[in-house]
Amino acid sequence: MNEGGLGPTAREITQARLATLGMLVAGIAHELNTPLGALNSNHHVIERALLKLGEILEDEVVTPDELDEVRRVVRATESVLRTNGIAVERMVNLVRNLRNFGRPTTSEPRPVDLHEGIEGTLALLGHELKEIEVVRDFGELPLVVCHPNRINQVFMNLVHNAAQAMHDGGVLTIRTRAEGDHARVRVADTGRGIPRDVIEEIFEPGFTTKGERIGMGLGLAITLQIVHQHGGEISVESEPGRGTTFDVDLPLRPPTGPARKEASE
Amino acid sequence: MDEITPDAGTVMVVDDEDMVVDAIQGFLELETDHLVLPFTSPRAALEHLESEPVHAIVADLMMPDLDGVQFLSRARSMRPEATRILLTGYADKENAILAINEAGLYQYLEKPWDNDVLAFAIRNGVERSLLFRELTERMAELEAANDELAGLRQRWIQAFL
């Protein structure tokens with residue numbers, strides 16, 4: 001157990017990382033499944049279409065009836081190939097969005113486009129956001145020096161919590177602004193909100209609301225810790241029944257560490 | 001010939017993802033004699049069911065607005081004879097099992113699906129629907145015959161009293 005309220009323990013941090021990893025894997029599997037299902041089905045259709053055409057051409061005589069069949073098969077194959085193009089594009093975009101998530105933790109922070117991480121998060125949690133309208137209110141943001149995979153864990157926790165709070169649909173607004181020497185990312189939902197008597201506790205390790213999945217109770221404690229490690233701040237405002245807004249402020253450059261080092265791609 | 005065989009029959013395909021509907025439609029049209037009705041909106045599909053019967057319905061589980069179980073439950077009350085097949089994502093197995101009872105599922109298939117398994121399920125589903133319809137008709141005939149018999153019996157009894 002965590003004593004003295006000093007933030008999450010090492011074990012709890014590991015648990016939270018595993019929970020995020022679980023979400024990540026579930027998201028990837030889910031998002032790939034649809035285009036993969038289409039490609040898999042269409043692959044067989046094309047295979048059999050070619051087989052059919054081969055059979056017709058085998059005797060080197062094409063009757064008018066066979067010609068009609070050839071036309072039909074070619075038309076169907078063309079349509080199936082168009083769908084494949086869309087499916088492949090969807091998968092390419094998903095992988096592109098995942099670039100930051102896939103990177104292992106590096107010891108040194110690097111300049112990062114936060115919008116890329118936000119888009120990756122939204123792409124991965126797409127299955128949780130099906131009934132939710134997502135508004136991207138993105139401002140001009142300079143690159144922020146940070147650990148991208150850890151900051152993405154922050155976005156993932158906040159977006160996941162927002163989705164969980166809006167089971168019956170709602171609006172998720174992600175607003176980004178550069179304000180002086182820091183970047184502010186606001187994640188606002190129109191969900192059920194956090195009761196006033198517990199809002200002080202939500203960043204405590206182990207805090208959870210009923211019905212949350214095991215492991216998610218650590219989400220906000222870890223979120224707070226990651227933001228603090230980057231020299232940033234996080235604040236919350238919530239109105240029960242109306243929604244919750246989280247503001248994450250990150251310094252464009254962390255106060256300590258090799259802030260001047262530019263990452264080479 | 002007007003008689004529908006299990007290899008033909010009307011199949012409704014409902015998924016909010018265009019590419020899934022397109023893929024299944026493409027496959028069924030090329031490989032089978034089914035008439036395919038594609039829908040990306042479950043509500044539009046329900047509207048269609050109101051006016052036209054179908055033999056089998058293939059629906060996705062995760063859809064915004066109306067999920068597959070809700071959709072198939074409503075379809076069941078409107079067209080009980082239409083066989084219901086649920087298509088589910090990789091991790092929805094538990095929900096799919098719940099749906100077997102709730103929506104009176106005939107079968108559920110996991111994505112990515114196998115075309116041969118899907119075609120087999122649809123073919124058997126259409127056959128089941130045709131049998132269901134025939135059974136309903138026979139039941140009605142039986143009931144009518146029963147009524148007639150009861151009337152006859154009554155007249156006989158009266159004739160002898």
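Each chain gets a letter, A, B and so on, in the order the sequences are listed, and its residues count up from 1.
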Contacting region of B/D65 [heavy-atom separation from chain A under 4.5 Å]:
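Contact with chain A: backbone only.
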May I ask you to decide whether A/K130 forms a salt bridge with B/D16, counting only side-chain N to carboxylate O separations under 4.0 Å?
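Answer for the salt bridge query: yes.
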Supply the atom-to-atom distance [X] [atom1] to [Y] [atom2], rounded to the nearest 0.5 angstrom.
| X | Y | atom1 | atom2 | result |
| --- | --- | --- | --- | --- |
| B/E110 | A/N33 | CD | CG | 9.0 Å |
| A/T34 | B/D18 | OG1 | CG | 11.5 Å |
| A/L39 | B/M19 | CG | CE | 8.0 Å |

Counting heavy-atom pairs under 4.5 Å with chain B, which one of A/A76, A/S41, A/A38, A/P35 comes out on top?
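Answer, by heavy-atom pair count under 4.5 Å with chain B: A/S41.
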Leading residue by heavy atom contact count with chain B [cutoff under 4.5 Å; candidates A/H44, A/E131, A/R48, A/R75]
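Greatest number of close heavy-atom pairs with chain B: A/R48.
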Identify which one of B/I24, B/L28, B/N115 satisfies the side chain to side chain contact (heavy atoms under 4.5 Å, CB included) criterion when paired with A/V45.
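That would be B/N115; it is the only one of B/I24, B/L28, B/N115 passing the side chain to side chain contact (heavy atoms under 4.5 Å, CB included) with A/V45.
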Would you indicate whether [X], at its atom [atom1], is surrounded by more than 12 heavy atoms from other residues, nucleotides or ligands within a distance under 6.0 Å?
| X | atom1 | result |
| --- | --- | --- |
| B/R43 | CZ | yes |
| A/E237 | CD | no |
| B/E141 | CD | yes |
| A/D168 | CG | no |
| A/E47 | CD | yes |

Nearest atoms (heavy-atom pairs only) where [X] meets [Y]:
| X | Y | value |
| --- | --- | --- |
| A/R90 | B/E17 | NH2-OE1, 2.5 Å |
| A/V80 | B/G26 | CG2-CA, 4.5 Å |
| A/G37 | B/P112 | CA-CB, 3.6 Å |

For the candidates B/D116, B/D60, B/D114, B/D15, which exhibits the highest count of non-hydrogen atom pairs separated by less than 4.5 Å from chain A?
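Option with the greatest count: B/D116.
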Any sub-3.5 Å donor-acceptor pair from A/N40's side-chain atoms to B/W113's backbone N or O?
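The answer is yes, because a donor-acceptor pair under 3.5 Å joins these two groups.
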Ignoring hydrogens and geometry, is there a side-chain-to-backbone donor-acceptor pair from A/K52 to B/L30 under 3.5 Å?
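Answer holds: yes.
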